[in-house]
Amino acid sequence: MRWPVLALAPAICGQALWAEVRFEDMSHHLPPHVYAGGWEHFVGGGVAVLDCNGDALPDLVAAGGENPAQLMINRGNMQFTAGGFPTLTGTTGAWPLDADGDGHLDLMVLRVGENQLLRGDGSCRFTAANADLGFDGGTAWSTSFSATWLDDALVMAVGNYVDRDNPEGPFGACDDNSLHRKVGARFRAETLSPGFCALSALFARDATGKTRLRLSNDRHYYVRGGSEQMYDLQLGRFLGPEDGWENVQLWGMGIASRDITGDGRSEVMLTSMGDQLMQIAGADGYYTPAPYALGTYAQRPHLGDDGRPSTGWHAEFGDINNDGRADLFIAKGNVDQMPGLAMEDPNSLLIQQADGSFAEQSVGAGVATTARSRGAALADLDGDGRLDLVVMNRRAGMELYRNITEVTGNWLQISLRAPAPNTRAVSALVTVTANGQSQLQEVTVGGGHGGGQSGPLHFGLGAAEAAQVTVTWPDGTLLDLQADANQRLVLTP
């Protein structure tokens, strides 16, 4: 098998120097909320980010575990208030999507028990819609979700964890996963077997350019015989070595995807206990592990004297200082009291350098907290063109940080709107070119740990005052335009 050579992307901002990143703790601006519970909530604990009332300010929906899930409405200036929300306990995560094609964002809420597809009305009101939308929420312990549109039909993937009804469990008792395809007015459920305890799922273009479903699985419970998985919707099967798919085994927790080499193919970040595995996408369609010198393995705490391995959960790329290079946040924390893993395990903020390597800056940035973190999100919560941060913790309060980095580059934020049924143009590609360098992002639903976003794609531009924007819509048609920096665009076909 041939592996591509890593070619690091040059800086699009030339020799401009940006200030070291800084965040201000605004956690007291959130309503009180804690993700809690017993062993069924050792995992999960994510947050959904979406503008549920059309005011251009991202709102939050936080899983609660044994506590009720909570909607937090963004009132501006990093102030959030509790909103009315269906009373749902046993929640592990939430993902926004427009499931019914009416233009308003809905929510998939995963639970230990029946999952709930909630219909949004565009004013931050959500109602149970399993029956109306023909969705069977099941009774499993669900922990991962992703969605895409195939031939204008919504396909949703639900990843399940340990089968609680298996008398031989929990070890070696991973439940099957499921696909839910929209057929007419209802979803048709299909079993995806074998399941290896999926903690993250993502429909996205792989290194070959095909949209496939990646499942990241927890080796702690599948024990042996399992691996990371890739499912091809059109072939109707999992890929294997005969397809060029390498069977990688790790304690999979989260997935993040972003092109960091500038070649138009997205790399994949997989969090785990111990090494965090970055896979570099090659021109031959294969992946190769990133070199250690890239700085993304983040395998041990970078603060304090606990030298045991780290436990990584949510991973997310985002350009924190708008220099035109994607940075990486990783939420970390012990599962509970696992003695072989670090207990004081600070979150990682890896800032991409001009040579393409990543440097840990969480301590100086003020986000190196050591609670048992789980889900997280990077989003411009106050509308100032800088990505802010929200972090979910197990048995501890949520954290909210405003990006107050003093000197940053220019930026663009791009939202896509399209005709029903795929109103958010999921699977579209957006390429932004400035100063001779291109950045690519794909519109996806899924990934992360316990939650995801539906919001504008954020691009840092460095010193560039304008950029060329190219949108490849899901049907393959193109839109090209020139855009001035420091604005939010809403684009339609």
**Study point:** ring pair (Phe, Tyr, Trp, His ring centres under 6.0 Å) evaluation trace for Phe171 with His220
**Key:** CA-CA 8 Å; Phe171 297 103; His220 185 70; 5.4 Å; yes
Check your understanding: Would you say the side-chain atoms of Glu360 pair up with the backbone N or O of Ser362, donor to acceptor, closer than 3.5 Å?
Key -> yes
**Study point:** Those residues that, when tested against Arg181, pass salt bridge (Lys or Arg N to Asp or Glu O under 4.0 Å) (two or more places apart)
**Key:** Glu190
**Study point:** Ser216 side chain to Glu228 side chain, donor-acceptor N/O pair below 3.5 angstrom
**Key:** yes
**Study point:** Those residues that, when tested against His180, pass ring pair (Phe, Tyr, Trp, His ring centres under 6.0 Å) (two or more places apart)
**Key:** Phe135
Exercise for review: Scan Thr405, Leu400, Leu349 and name whichever one has a side chain to side chain contact (heavy atoms under 4.5 Å, CB included) with Phe23.
Suggested key: Leu349
Point to revise | Side-chain donor-acceptor contact under 3.5 Å, Gln249 with Ser227 | key: no
Revision key, fill the gap. Across all chains, not counting sequence neighbours, the ring pair (Phe, Tyr, Trp, His ring centres under 6.0 Å) partners of Phe317 are none
Exercise for review: Determine the sole option in Asp106, Leu154, Leu117 for which the side chain to side chain contact (heavy atoms under 4.5 Å, CB included) test with Asp100 is passed.
Suggested key: Asp106
Practice item. Using a 4.5 Å cut-off on heavy atoms from C-beta on, say whether the side chain of His314 contacts that of Arg374. Key: no
Review point. Is Asp388 reaching over with its side chain to a backbone N or O of Leu381, donor-acceptor style, under 3.5 angstrom?
Key: yes
Review point. Quick one: does Ile320's side chain get under 4.5 Å of Ile351's, heavy atoms only?
Key: yes
For residues 49-64, which side-chain N or O atoms pair as donor and acceptor with protein atoms under 3.5 Å away, sequence neighbours left out?
residue	atom	partner	partner atom	Å
Asp51	OD1	Asn53	N	3.3
Asp51	OD1	Gly54	N	2.9
Asp51	OD1	Asp55	N	3.3
Asp51	OD2	Asp55	N	3.3
Asp51	OD2	Ala56	N	2.8
Asn53	OD1	Asp55	N	3.4
Asp55	OD1	Leu57	N	2.9
Asp59	OD1	Asn74	N	2.7
Asp59	OD2	Cys52	N	3.0

Point to revise | Polar side chain donor-acceptor pair, Asn393 to Ser373, under 3.5 angstrom | key: yes
**Study point:** Pairs where residues 161-208 contributes a residue and the test disulfide (SG to SG under 2.5 Å) is met, not counting sequence neighbours
**Key:** Cys174-Cys197
Review point. Do the side chains of Ser257 and Glu267 get nearer than 4.5 Å, heavy atoms only?
Key: no
Revision key, fill the gap. Between Tyr221 and the options Phe42, Trp141, Tyr161, the ring-ring contact (aromatic ring centres under 6.0 Å, His included) test singles out Tyr161
Check your understanding: Side chain of Arg308, backbone of Pro339: donor and acceptor closer than 3.5 Å?
Key -> yes
Practice item. Report the residues that fulfil salt bridge (Lys or Arg N to Asp or Glu O under 4.0 Å) with Asp102, sequence neighbours left out, ordered by chain and then residue number. Key: none
Check your understanding: Of the non-hydrogen atoms in Leu328 and Ala315, which two are nearest, and what is the gap between them?
Key -> CD1-CB, 4.3 Å
